[in-house]
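Written below as structure tokens is the structure these notes are about.
Every chain is numbered from 1, with letters handed out A, B, ... down the list of sequences.
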Protein chains: 2
Amino acid sequence: MNKKLPSQYEARARIIKAMAHPSRLFILEELYKGERSVGELAEMVGADQSTISKHLSILKTEGLVFDERQGTTILYHLKCPCILNFIGCIEEVLEIKTQEHVEMVSKCRVR
Amino acid sequence: MNKKLPSQYEARARIIKAMAHPSRLFILEELYKGERSVGELAEMVGADQSTISKHLSILKTEGLVFDERQGTTILYHLKCPCILNFIGCIEEVLEIKTQEHVEMVSKCRVR
DNA sequence: TATATATATGGCTATATTGCCATATAATCA
DNA sequence: TGATTATATGGCAATATAGCCATATATATA
């Protein structure tokens, strides 16, 4: 990768990368509402169970979620609800992108 | 990709993905401090100028930065400073990951 | 113990990303 | 205009990611 940058950036990027996927983003927001099983999430996302399992594995490895066995099903939980705080800003970036030609007031710099 | 998820997740993920790289994260934080030229950033990151130019192109395409020509050099600016607000939470996730075995108090759920 | 259910993992292919080199483009200045 | 400086882009090889299928593992229950 790169040797001049502090490893801190590498560590942060790994976590952000774990969030940088539509399905994983959906999963995180869903877990924000409450615990969900792998099957529930697979059903909601509309992907193969194994695919969701792997997504959850990535989120777990990066420390964003934790799991809890409940009999034969496994419930996943969000670890740090704060990670979704910035979704508001992401939305703002998106708004500006779509309305770039329009005059608007916002916390972002339009140009 | 996936057809069951609202396109909103796709859009958000694209922006987050743009942030999900050590060099681009560094660039964003650097631009948070103030405007920087491509050359300056390349020097700081320690990567080829063309590599940084492409990173900046990604950030620009996703609406995270904008550029301003100043004679022969081009200065890049951060568009939405708020996108760095959640770095604090990322740090918290990292802390928990490294101290998982230790008892600690935090906004995150340790388990 | 045998069966059923829920989840995880190995393996594979298709696709995307990264980073460098070479080169193109754009602006400045002699 | 020609040379110089700064940045962008095309192209390519190496690597990483995504998603599905088949199958393994773990738990519960008859």
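Legend: salt bridge (charged side-chain N to carboxylate O under 4.0 Å, His left out) pairs involving residues 38-51 of chain A, not counting sequence neighbours, sorted by first then second residue: A/E43-B/K4.
By the side chain to side chain contact (heavy atoms under 4.5 Å, CB included) test, A/T72 pairs with no residue at all, sequence neighbours left out. Residues satisfying the side chain to side chain donor-acceptor pair (under 3.5 Å) test with A/E91, not counting sequence neighbours, are B/Q8, B/R12. Partners of A/I58 under the side chain to side chain contact (heavy atoms under 4.5 Å, CB included) rule, at least two apart in sequence or in another chain, are A/A18, A/R24. Under the ring pair (Phe, Tyr, Trp, His ring centres under 6.0 Å) criterion, A/Y76 pairs with no residue, sequence neighbours left out.
OP1 or OP2 of C/dG19 lies within a sub-4.0 Å distance of a side-chain N or O belonging to B/H55.
A donor-acceptor pair is defined here as one N or O able to donate and one able to accept, closer than 3.5 Å; no such pair exists between the side chain of A/T51 and the backbone of A/A47.
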At under 4.0 Å between heavy atoms, which parts of nucleotides 4-9 of chain D does protein reach? Answer with one letter per nucleotide, 5' to 3': B base, S sugar-phosphate only, - none. -BSBBB
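Atom-to-atom, NE2 of A/H21 to C1' of C/dT17 comes out at 14 Å; the value is rounded to the nearest Å. In this entry the distance linking CD1 of A/I27 with P of D/dA18 reads 12 Å, nearest Å. Atom-to-atom, CZ of B/R14 to C1' of C/dA16 comes out at 14 Å; the value is rounded to the nearest Å.
If A/R24 and A/Q70 are placed on DNA chain D by their nearest nucleotide, the residue sitting closer to the 5' end is A/R24.
Across all strands shown, C/dA6 is found opposite D/dT25 as a Watson-Crick or G-U wobble partner, with both distances under 3.5 Å.
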